[in-house]
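Numbers here simply count residues along the sequence, with the first being 1.
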Amino acid sequence: MEGHPRTPPIDRGRELLKTAREEIFKSVNGVDLPVYIWEPEPDKAPPYPKSVAAFFFSSGWDNGQIAQFAPHCVYFASRGMTTMCFDYRVSARHPGSGPLQAMADARSAIRWIRMNAVELGVNPGKIIGVGGSGGGHAIASAAILNGFDDPSDVTDCSPVPNAVVLFNPVMDTWSRHAPYQDRWPDNASRKAADLYRGIKAGFPPMLIMHGTEDRVVPFDGSYTFARKSSKKKNICRFIEFDGKGHGFFNFNLSFEMYEATLMAMDEFFVELGFIEPDPNAGLGRDEAL
């Protein structure tokens, strides 16, 4: 009604971000990059160093919301994991940044976890990197490609996560169908960062989820990568979501799809031995909120 200001909608991710502990995992060019950390409640924590789920928000390397995966973090903390949302450089908040800086920051993030594993109470051999879109490319590149390190990184500490989960990731950066081609500083770096070209045996296990009607990052990019990687005897599970578009998995878009993808992740983590089976697995709307 006129004269009555509208109450802004609650941003669930931003509210959940307030429940996390914030630390700085990297300082570069005068910029401090934060990580937001959730710990399991004492009755949920295992009696051994915890597995880690490290999340990298969706972006086209220009913008993105660090709170995007906060609902996922809260859920997996309740399953006994330490969970983290990492910030990384994007051009809207860090002028001059792009995919190369995102790739370097993802590598720094995994190294930060390993180098601080004792203090964090986590298992440095059970780190799962999770990312969407450009953030998916960033963490996947840490698992697949060599180089792209920040000069200040301790490079004798591995940046390779022990498993990877990707939502509508950018896998193809070089073909004529590749998205966001204008975000790269030059063709040489765009070609070098193409994940197709890095396919070989020995990758960490991967789970890739992608909607068939994605108009931003083509579905075929993920499908082709998964097929080629599997031929190299890698564990690369691919789940297609028929008729779904870009970002279909987000909590604020569809609770049904959020729950379906979350349960696929839960099953994957259990199979890998990163968390214990839960006889009550499955979400009710009240629990997720």
TODO: Carefully, step by step, assess His137 and Trp61 under the rule side-chain contact (heavy atoms from CB on, under 4.5 Å).
DONE: CA-CA 10 Å; His137 176 274; Trp61 302 297; 3.9 Å; yes
How many angstroms lie between atom [atom1] of [X] and atom [atom2] of [Y], to the nearest 0.5 angstrom?
X      : Y      : atom1 : atom2 : value
Gln101 : Met103 : CD    : CE    : 10.5 Å
Glu213 : Phe248 : CD    : CZ    : 12.5 Å
Trp174 : Trp184 : CH2   : CH2   : 11.0 Å
Arg79  : Phe269 : CZ    : CZ    : 10.0 Å
Lys244 : Thr212 : NZ    : OG1   : 9.5 Å
Phe76  : Thr83  : CZ    : OG1   : 9.5 Å

Path from [X] to [Y] over hydrophobic side-chain contacts below 4.5 Å:
X      : Y      : result
Phe255 : Met263 : yes
Met115 : Val52  : no
Val90  : Ile24  : no
Ile239 : Leu253 : no
Phe225 : Val160 : no

TODO: May I have the step-by-step check of side-chain contact (heavy atoms from CB on, under 4.5 Å) for Phe55 and Cys73, ending in yes or no?
DONE: CA-CA 8 Å; Phe55 290 82; Cys73 285; 3.5 Å; yes
Check: [X] side chain, [Y] main-chain N or O, donor-acceptor pair, under 3.5 Å:
X      : Y      : value
Asp172 : Gly221 : no
Ser230 : Arg227 : no
Thr261 : Tyr258 : yes
Lys26  : Ala109 : no
Ser133 : Ser59  : yes
Arg183 : Pro99  : no
Asp194 : Thr173 : yes
Asn63  : Ala92  : no
Ser78  : Tyr75  : yes
Asp186 : Ala188 : yes

Over all atoms of both residues, closest heavy-atom pair of [X] and [Y]:
X      : Y      : value
Arg107 : Ala142 : NH1-CA, 3.6 Å
Ile127 : Pro124 : CD1-O, 3.6 Å
Lys200 : Ile144 : NZ-O, 3.1 Å
Gly125 : Asn123 : N-OD1, 2.8 Å
Gly198 : Leu145 : CA-CD2, 4.1 Å
His210 : Ser222 : ND1-OG, 2.7 Å

Open item on the list: Both conditions, 6.0 Å and 45 degrees, for the charged tip of Lys228 above the ring of Tyr196: are they met here?
Closed with: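 Judged by the rule, Lys228 and Tyr196 form a cation-pi pair.
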Open item on the list: Glu22: which residues meet the salt bridge (charged side-chain N to carboxylate O under 4.0 Å, His left out) condition with it, sequence neighbours left out?
Closed with: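 Salt bridge (charged side-chain N to carboxylate O under 4.0 Å, His left out) list for Glu22, sorted by chain: empty.
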Min side-chain heavy-atom separation [X]-[Y] under 4.5 Å:
X      : Y      : answer
Ile113 : Phe86  : yes
Val217 : Tyr180 : yes
Val164 : Phe203 : no
His72  : Val130 : no
Ile37  : Leu120 : yes
Ile128 : Phe268 : no
Val216 : Pro179 : no
Glu240 : Phe219 : yes

Flag yes if more than 12 heavy atoms outside [X] fall under 6.0 Å of its [atom1] atom; otherwise flag no.
X      : atom1 : value
Asn29  : CG    : no
Lys233 : NZ    : no
Ile235 : CD1   : no
Tyr223 : OH    : no
Glu119 : CD    : yes

Ring centre gap for [X] and [Y] strictly below 6.0 Å:
X      : Y      : result
Phe57  : Tyr88  : yes
Phe249 : Phe241 : no
Phe167 : Phe69  : yes

TODO: Give the intermediate values and the outcome of side-chain contact (heavy atoms from CB on, under 4.5 Å) for residues Lys126 and Met81.
DONE: CA-CA 10 Å; Lys126 289 190 173 181; Met81 304 182 77; over 6 Å; no
Open item on the list: Looking at Asp153 and Arg111, is any side-chain nitrogen of the basic one under 4.0 Å from a carboxylate oxygen of the acidic one?
Closed with: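 Yes, charged N to carboxylate O under 4.0 Å.
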Open item on the list: The test is side-chain contact (heavy atoms from CB on, under 4.5 Å); show your working for Arg89 and Val28 and say whether it passes.
Closed with: CA-CA 10 Å; Arg89 285 170 287 174; Val28 57; 3.7 Å; yes
Open item on the list: Ignoring hydrogens and geometry beyond distance, is a side-chain donor-acceptor pair present between Ser27 and Asp32 at under 3.5 Å?
Closed with: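 There is such a pair between these side chains.
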